[in-house]
Amino acid sequence: MALPDFLVLGVPKAGTTALHAALSRHPGLFLPQVKEPKFFLSEGPPPARGGPGDAQTYQEHVWRRRDYEALFAPAPAGTLTGEATPFYLYDLDAQNRIRRLLPKVRIVVLLRNPVDRAHSNWTHLWAAGLESERDFVRACALEAQRRDAGWAQFWHYVALGRYGEQLAHLFGLFSRDQVLLLRYRDLRDSPAATLDRVCEFLGVSTGLVDLVPSENVTPFVADTPTNTALRAVLRTGGRIGHHFPVPVRHAVRGPLLSALQRQKGGRPKLTPEQRRAVLPYFVDDIARLEEITGLPYRDWLTVGLEPEAID
């Protein structure tokens, strides 16, 4: 039976893609080329409809067990296998499924300042042409409405960042020595030391991987009339006003995205005013996170600029 020995559980836009790429270079570890197979997010087939672009994403889920096991079948003998699906931490049902199938699995969790994480999430969907709301603060305020409409988890800008709630559930299922809790800034600022911590936790040789490639970094997308039209096609498949967005065919989506992301430049910056507006969503949960973990996260309550991202 080919099932993973370890999982990178969370969180989206916190360097999980970069960590996956770095660990894939370790000779004692095997991670499949399919990053984010999302196997534990459903008991069977994923939903068929949701928000803009969700139908296409759901089609990418590896939800059949035989297909999931096939991802790890090529692993060389003696290597540890793992995968990274950052939504597993947020989805409490996914945590329960993991506990039933993999009770002894080792778990790596990357946490990022929840306001920065939410902004990066919004920027990602904006650059993909799927987010129609130009204002980040307003997009966060729309979350309850979008969740009620069945939009996928990646649209849950606020809820994805309430880590205290998520870790409280996780620690009720797994012993603490099965969980390695890291901060996004550790991976960004001290990659060699952080990768050694992961390798030591997994029980493989340290000192063999020390670089974290910049992966999945959101490009600059200008807000122009041409790009507004491109976004509309990417969100709706050309059927403006349709109740459920129609997915754009894969062969067409690539050229549309290339046209949308044709300009080079910096990503949208999170302003102090935006941070102040969104931070109240997380204040109580940050306190809970500190209580649960015994670690300090008070720096997340300050208003400042985020360093360059690697996610």
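- Pairing each heavy atom of G15 with each of L187, the nearest pair is O-CD2, 3.6 Å.
- For the salt bridge (Lys or Arg N to Asp or Glu O under 4.0 Å) condition, no pair includes a residue of residues 79-95, sequence neighbours left out.
- Taking the side chain as every heavy atom from C-beta outward, P114 and Y281 never approach each other to under 4.5 Å.
- The CD atom of E290 sits 8.5 Å away from atom CG of L295, with the distance rounded to the nearest 0.5 Å.
- Distance alone, capped at 3.5 Å, is enough to place a donor-acceptor pair between the E143 side chain and the A159 backbone.
- Atom CD of Q153 is separated from atom NZ of K38 by 9.5 Å, given to the nearest 0.5 angstrom.
- By the 4.5 Å heavy-atom criterion applied to side chains, Q95 and F40 are not counted as neighbours.
- Y163 contributes a side-chain N or O that, together with a main-chain N or O of R112, makes up a donor-acceptor pair within less than 3.5 Å.
- Taking 4.5 Å as the limit, every side-chain heavy atom of V212 sits out of range of all side-chain heavy atoms of R188.
- Nearest heavy atom pair, residue F154 against residue P12, reads CE1-CB, 4.0 Å.
- In this structure, the side chain to side chain contact (heavy atoms under 4.5 Å, CB included) partners of R106, at least two apart in sequence or on a different chain, are F6, F201, L202.
- A salt bridge is absent between D116 and K13; no separation between the charged side-chain nitrogens and carboxylate oxygens falls under 4.0 Å.
- Rounded to the nearest 0.5 Å, atoms CG (L167) and CZ (R288) are 9.5 Å apart.
- Listed here is the closest heavy atom pair of G164 and D285: N-OD2, 2.8 Å.
- L181 contributes atom CG, which lies 9.0 Å from atom CG of L110 (distance to the nearest 0.5 angstrom).
- Distance check: I107 CD1 to L170 CG gives 5.0 Å after rounding to the nearest 0.5 Å.
- Nearest heavy-atom pair, A152 versus D54, reported as atom, atom and distance to 0.1 Å: N-OD2, 2.8 Å.
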- request: Report the C-alpha separation of H61 and F39 in whole Å, then their side-chain angles, then the decisive distance to 0.1 Å, and conclude whether the ring-ring contact (aromatic ring centres under 6.0 Å, His included) test is met.
  value: CA-CA 7 Å; H61 283 217; F39 173 72; over 10 Å; no
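- The salt bridge (Lys or Arg N to Asp or Glu O under 4.0 Å) analysis of residues 163-182, with sequence neighbours excluded, yields the pairs R162-E165.
- In this model, no donor atom of one side chain and acceptor atom of the other lie less than 3.5 Å apart for E60 and T57.
- Residue R183 forms a side-chain hydrogen bond (donor to acceptor under 3.5 Å, both in side chains) with just one option from N113, D299, T194, and that option is D299.
- Aromatic ring orientation, W122 versus H119: tilted (interplanar angle from 30° to 60°).
- The backbone N or O of G53 sits nowhere less than 3.5 Å from a side-chain atom of Q56 that would complete a donor-acceptor pair.
- A tilted orientation is assigned to the rings of W300 and Y297, their planes being inclined by 30° to 60°.
- Counting only heavy atoms from C-beta outward, the side chains of S175 and Q178 approach each other to under 4.5 Å.
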field: Steps toward side chain to side chain contact (heavy atoms under 4.5 Å, CB included) verdict (V209, C199)
entry: CA-CA 9 Å; V209 287; C199 291; 4.2 Å; yes
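- F282 and G161 make their closest contact through CD2-O, 3.8 Å (heavy atoms, listed as atom of the first residue, atom of the second, distance).
- Ring planes of Y157 and W155: tilted class, angle from 30 to 60°.
- Under the 4.5 Å side-chain contact rule for hydrophobic residues, Y68 and W63 do not share a cluster.
- Looking at residues two or more places apart in sequence or on another chain, you find a side chain to side chain contact (heavy atoms under 4.5 Å, CB included) between D196 and T206.
- Taking 4.5 Å as the limit, every side-chain heavy atom of L173 sits out of range of all side-chain heavy atoms of I98.
- Atom SG of C140 sits about 12.5 Å away from atom NE2 of H156, to the nearest 0.5 Å.
- Under the rule for a side chain to side chain contact (heavy atoms under 4.5 Å, CB included), the partners of A75 that lie at least two apart in sequence or sit in another chain are F30, T79, T81.
- When side chains are defined from C-beta on, T85 counts as touching P37, because their heavy atoms get closer than 4.5 Å.
- A salt bridge is defined here as a Lys NZ or Arg NE, NH1 or NH2 lying under 4.0 Å from an Asp or Glu carboxylate O, and E131 with R146 meets this definition.
- Looking at Q166, its side chain does come within 3.5 Å of a backbone N or O of L160 through a donor-acceptor pair.
- Between the side chains of R117 and N121, a donor-acceptor pair is found at a separation under 3.5 Å.
- Taking R100 as the reference, E43, N96, R97 meet the side chain to side chain contact (heavy atoms under 4.5 Å, CB included) condition, with sequence neighbours excluded.
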query: Checking side chain to side chain contact (heavy atoms under 4.5 Å, CB included) for the pair L142/Q145: CA distance, chi angles, key distance, verdict?
result: CA-CA 5 Å; L142 290 172; Q145 175 184 329; 3.7 Å; yes
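- Scanning both residues, P4 and G82, for their nearest heavy atoms gives CB-CA, 4.0 Å.
- Contact check for L182 versus V109: no side-chain heavy atoms found under the 4.5 Å cut-off.
- Here the side chains of L9 and V108 are not in contact, with every heavy-atom distance at 4.5 Å or above.
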